[in-house]
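To start, the structure under review is shown below, and the notes come after it.
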Number of protein chains: 2
Amino acid sequence: MKLSTRARYGTRALLDLARHGGEKPVQLKDIAGRQNISLHYLEHIIAPLVGAGIIRSTRGVRGGLRLTRQPKDVKLIEVIQLLEGTTTPVDCISNPETCDRADLCVTRDVWCVMKKAIDTALESVTLQDLVEKQKRKETSVKQSV
Amino acid sequence: MKLSTRARYGTRALLDLARHGGEKPVQLKDIAGRQNISLHYLEHIIAPLVGAGIIRSTRGVRGGLRLTRQPKDVKLIEVIQLLEGTTTPVDCISNPETCDRADLCVTRDVWCVMKKAIDTALESVTLQDLVEKQKRKETSVKQSV
DNA sequence: AACAAAGTTTACTATTTTAGTCAACAATGG
DNA sequence: CCATTGTTGACTAAAATAGTAAACTTTGTT
């Protein structure tokens with residue numbers, strides 16, 4: 001039940017983008033630098049997010065990445081589903097036909113409850129929430145120094 | 001975020017044990033047969049459960065496995081933690097020292113919320129719940145035939 | 001005592017997934 | 001046209017997963 005680095009790096013990259021994005025596009029190499037993630041790897045991770053239209057990219061000089069929505073309109077559940085493929089702990093939830101016990105299986109019901117718990121948790125968090133929380137953490141650190 | 005077959009098979013094995021266990025110990029090969037799981041593989045999966053004392057085993061003729069507690073006293077969270085190692089989606093939750101960003105990291109906070117959601121879900125289910133649910137499913141199938 | 005029936009343990013292996021790297025390519029602005 | 005930036009596909013090393021096999025230990029029965 002581990003989250004892949006794709007999901008973790010991708011979320012951090014999006015958060016970084018939300019944090020540093022403004023008028024001008026943010027370059028992937030800057031995100032990679034700030035987040036200390038391999039640029040080449042991040043390129044792959046970002047791809048499904050661009051594909052899904054959460055991010056818009058512009059190539060060429062002064063190009064980069066931009067969020068297509070307000071951070072408050074990007075729920076974590078969507079991000080994780082794109083990066084992780086799904087939040088389903090077992091295949092038989094989304095594809096009951098892969099297991100002939102599916103209809104009688106009570107453990108399947110438990111995994112289903114589990115998935116719902118995960119989804120509910122991720123449903124309630126937006127990029128905006130993360131940005132704000134991060135700002136608060138940063139200022140509190142500055143003050144304590 | 002997939003659950004391993006260890007977790008799934010192990011849970012099913014325990015459920016089977018709770019279902020068929022009575023006076024006499026239940027033999028692993030019978031569980032393996034009923035659940036259609038490789039006996040050899042199941043031996044490995046069962047090991048940590050025996051080690052943790054959820055199951056007691058007796059070797060030799062007429063030996064087998066027995067639950068050491070009432071099914072109502074076995075919570076799924078405990079089973080999954082034993083089989084899966086942990087329910088933690090990222091290491092930095094239980095081991096903050098593995099990441100030097102841990103204290104400032106807001107994504108870490110999200111994974112923490114996620115873990116709690118999973119734990120709460122699994123905390124609320126016992127083997128007894130599964131046994132009862134399974135009995136209900138079975139009788140409703142019989143009736144509909 | 002011997003044997004058969006259980007579980008235990010260790011060693012090994014094939015396959016898949018993960019986490020990347022590398023290089024060629026495409027588009028864009030100056 | 002060229003430097004810059006993102007895109008794509010090929011490739012790979014390492015780790016995890018999902019087993020298999022076999023030797024071993026314990027225990028009840030004969």
Side-chain angles (χ1 to χ4, degrees), chain A residues 1-14 17 21 24-33 35-68 83-86 88-91 98-99, chain B residues 1-14 17 21 24-33 35-68 83-86 88-91 98-99:
Chain A
M1 288 295 292
K2 286 279 176 289
L3 221 46
S4 65
T5 57
R6 297 177 58 82
R8 294 187 284 121
Y9 290 180
T11 307
R12 275 166 54 199
L14 267 187
L17 183 53
K24 292 178 288 187
V26 178
Q27 284 157 31
L28 198 51
K29 70 173 172 208
D30 292 335
I31 298 179
Q35 297 296 323
N36 197 25
I37 299 170
S38 149
L39 172 60
H40 284 308
Y41 192 29
L42 200 49
E43 284 164 354
H44 287 296
I45 292 172
I46 281 298
L49 301 176
V50 175
I54 290 188
I55 293 175
R56 177 164 315 129
S57 67
T58 0
R59 297 179 179 191
V61 180
R62 304 302 299 153
L65 305 173
R66 245 185 279 242
L67 282 174
T68 57
L83 293 169
E84 198 77 6
T86 169
T88 296
V90 296
D91 286 335
T98 59
C99 177
Chain B
M1 287 294 293
K2 286 280 175 291
L3 220 49
S4 65
T5 56
R6 296 176 58 84
R8 293 186 284 122
Y9 290 179
T11 307
R12 274 166 54 199
L14 268 186
L17 183 53
K24 291 177 288 186
V26 178
Q27 284 157 31
L28 197 50
K29 71 172 171 206
D30 292 336
I31 297 178
Q35 296 297 322
N36 197 25
I37 299 170
S38 148
L39 172 59
H40 284 309
Y41 192 30
L42 201 49
E43 286 164 353
H44 288 297
I45 293 172
I46 281 299
L49 301 176
V50 175
I54 289 188
I55 293 175
R56 177 165 315 129
S57 68
T58 0
R59 297 180 177 189
V61 181
R62 305 303 299 153
L65 305 173
R66 245 186 279 241
L67 282 175
T68 57
L83 294 168
E84 197 78 5
T86 169
T88 296
V90 296
D91 286 335
T98 58
C99 177

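Numbers restart at 1 for each chain; the letters A, B, ... are given by sequence-line order, proteins then strands. Treat the numbers as computed from the prediction; the structure is a model and nothing was measured.
The interatomic distance linking B/L42 (CG) with D/dA18 (C1') rounds to 13 Å, in whole Å. Computed from coordinates, the A/I37 CD1 to C/dT18 P distance equals 17 Å when rounded to whole Å. Distance B/D30 CG to C/dA5 P: 13 Å, rounded to the nearest Å. The distance from atom CD of A/E43 to atom P of C/dA23 is 13 Å, rounded to the nearest whole Å. Atom-to-atom, OH of B/Y41 to C1' of C/dT13 comes out at 14 Å; the value is rounded to the nearest Å. Rounded to a whole Å, the CG atom of B/D91 is 14 Å from the C1' atom of C/dT18. In this structure, A/E84 atom CD and C/dA19 atom P are separated by 9 Å, rounded to whole Å. Distance, A/I45 CD1 to C/dT21 C1': 13 Å, rounded to whole Å.
Residues A/S4 and A/Y9 bring no donor and acceptor atom of their side chains to less than 3.5 Å of each other.
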For residues 52-66 of chain B, which side-chain N or O atoms pair as donor and acceptor with protein atoms under 3.5 Å away, sequence neighbours left out?
{"residue": "B/R66", "atom": "NH1", "partner": "B/E23", "partner atom": "O", "Å": "2.5"}

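Using a 4.5 Å cut-off on side-chain heavy atoms (C-beta onward), A/Q27 and A/I31 make no contact. Contact of the B/L67 side chain with the B/L14 side chain is registered, since non-hydrogen atoms from C-beta on lie closer than 4.5 Å.
The two residues B/P48 and B/L83 have their closest heavy-atom pair at CG-CD2, 4.4 Å. Contact detail for B/I46 and B/A13: the closest heavy-atom pair is CD1-CB, 4.3 Å.
Looking at which nucleotide of DNA chain D each of A/M1 and A/Q27 is closest to, the 5′-most match is held by A/Q27.
Under a 3.5 Å cut-off, the side chain of A/K2 and the backbone N or O of B/M1 do not form any donor-acceptor pair. When atom types are taken as modelled, the side chain of B/T86 and the backbone of B/T88 share a donor-acceptor pair closer than 3.5 angstrom.
The phosphate of C/dA6 has neither OP1 nor OP2 within less than 4.0 Å of any side-chain N or O from B/S57. Proximity of A/S38 to the phosphate of C/dT21: a side-chain N or O atom is located under 4.0 Å from OP1 or OP2.
Remark: A/I37 CD1 to A/E43 CD distance equals 12.5 Å, nearest 0.5 Å.
Near DNA chain D, meaning a heavy atom under 4.0 Å away, there are no residues from residues 2-14 of chain A.
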Using atom names, set out every protein N or O paired with an N or O of nucleotides 24-26 of chain D below 3.5 Å, distance rounded to 0.1 Å.
{"residue": "D/dT25", "atom": "O2", "partner": "B/R59", "partner atom": "NH1", "Å": "2.9"}
{"residue": "D/dT26", "atom": "O4'", "partner": "B/R59", "partner atom": "NH1", "Å": "3.1"}

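No hydrogens or angles were tested; on distance alone, nothing pairs the side chain of A/H40 with the base of D/dT7 as donor and acceptor under 3.5 Å. The base of D/dT17 is not paired with the side chain of B/H44 by any donor and acceptor separated by under 3.5 Å.
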